[in-house]
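Just so you know, these numbers come straight off a predicted model, no measurement behind them. Every number for a ligand or one of its atoms is a count from 1 in the order of the listing. We count residues from 1, following the sequence as given.
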Amino acid sequence: MSDRIDLTDIPVVDNHCHSVLTRQDVDPPTWRGHFTESPDPRFRAADGMHTAFYRRLVKAMAAFHGVAATEEQVLQARSRLRSEQLVAALLADAAIEGVVVDTGFPDPDAVLPAEVFGRLGDAQQVTLLRLEPFFQQLVATHDGYDDLTDAVRAGLADVRASGHAGCKSIAAYRTGLAIGRWPEEEARTAFTAARREVTATGTVRLGHKPLLDTLLHLAFAAAATQELPVQFHVGYGDPDVDLRTAGPLQLREVLEDRSYRAMPVVLLHGCWPYVREGAYLASVYGNVHLDLSYAIPFLSTAEMRDMTRAAFGVAPTTKLLYSSDGARVPELHWLGAHAGRQVIGTVLTEMVTDGDLDPDEARWAGERVLRHNARRLYGLAGGSA
Ligand SMILES: [Zn+2]
């Protein structure tokens with residue numbers, strides 16, 4: 001029997017997360033709502049706290065605050081800390097050395113600015129440009145289709161110079177990941193419909209597939225030219241998602257497009273429940289990476305282990321990235337970092353026992369997945385390891 005591969009001393013780079021609410025004081029129903037993707041109010045009130053994830057969260061918080069493991073006690077304990085104090089304490093305990101922040105969610109007015117969030121955690125931070133809201137804003141401010149496509153090209157001409165380390169698409173929960181090429185006429189017709197929405201309501205939610213797909217292709221072309229990573233929401237992780245059109249294999253047309261081979265693709269959330277499909281793609285496409293997310297989806301430890309086994313079982317460890325997908329409350333970033341180190345350590349230990357890896361290789365792989373792969377991909381300082 002081999003010794004356990006211990007990764008607890010390795011700081012993590014969280015390659016997919018969001019900032020936290022400026023005001024952390026919450027009532028219990030709102031608090032519970034942060035740990036479910038169900039929009040059903042009865043579920044949120046009565047069932048959400050009976051998941052394996054939520055029970056584990058309460059126990060971990062009880063240990064952190066030194067109180068009894070009840071929801072009431074842990075909420076009381078966290079409410080005794082000022083919001084920034086709570087965020088700083090949890091992020092420090094989690095040893096997060098870098099964060100890649102998607103600023104498109106939650107509403108920027110409600111959360112700490114990404115740089116403040118990074119500073120509180122003593123973490124380097126970089127941000128991603130969320131493509132759909134960027135497009136929506138341009139659709140709302142351009143009344144001609146050609147002006148719009150020119151503005152999209154201009155806005156994405158040098159994404160790093162505009163302050164972002166990559167892009168993120170949420171097409172999975174808008175119009176699906178089967179992102180196709182459309183005749184220009186259909187994209188123009190969809191643009192006219194989107195503009196009607198702008199005239200009627202002042203804004204637009206880009207659910208017009210021929211238009212969104214066309215604009216995404218402009219973004220992919222820009223990303224390929226700049227070798228800029230593009231994250232895709234895949235699978236679980238948003239109440240709006242239609243899982244029938246949000247699986248990773250839907251991306252085939254984009255992945256097969258030779259002109260996009262220089263665009264690093266990151267499939268988020270371990271593609272859960274399609275983790276094997278995601279791991280397969282990361283094992284055959286040179287530009288595809290798989291993000292393993294340890295807070296969202298809300299899973300038991302055993303299910304996180306299965307997700308990790310599936311990924312490490314086929315994909316090179318140079319193509320896997322740690323994340324929490326934490327948002328709104330810092331407990332997600334915190335619990336994710338601890339769970340990620342523990343679960344990846346367990347799976348690497350099994351691989352040593354099985355004879356797949358020796359202990360040095362296992363430790364090297366753990367460090368790559370927890371920090372170095374993300375440092376290199378998003379250009380964080382010290383990323384050449
Ligand atoms: Zn996210």
Please tabulate, one pair per line, all N/O donor-acceptor pairs under 3.5 Å involving side-chain atoms of residues 57-70, not counting sequence neighbours.
| from | atom 1 | to | atom 2 | distance (Å) |
| --- | --- | --- | --- | --- |
| K59 | NZ | R55 | O | 3.3 |
| T70 | OG1 | Q73 | N | 3.0 |

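- No hydrogens or angles considered: a donor-acceptor pair under 3.5 Å links the side chains of T308 and Y294.
- If you count the protein N, O or S atoms nearer to the Zn ion (ligand 1) than 2.8 Å, you get 3.
- By the salt bridge (charged side-chain N to carboxylate O under 4.0 Å, His left out) test, D257 is found to be paired with R181, residues two or more places apart in sequence or in another chain being considered.
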Which donor-acceptor pairs under 3.5 Å do the side chains of residues 264-274 make with protein atoms, sequence neighbours left out?
| from | atom 1 | to | atom 2 | distance (Å) |
| --- | --- | --- | --- | --- |
| H269 | ND1 | D325 | OD2 | 3.4 |
| H269 | NE2 | H233 | ND1 | 3.2 |
| W272 | NE1 | E303 | OE2 | 2.8 |
| Y274 | OH | L243 | O | 3.3 |

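- For E185, the CD atom counts as loosely surrounded, since its 6.0 Å shell holds 12 or fewer non-hydrogen atoms of other residues, nucleotides or ligands.
- Ring geometry, Y260 versus F220: the interplanar angle exceeds 60°, so the pair is classed perpendicular (tilted spans 30 to 60°).
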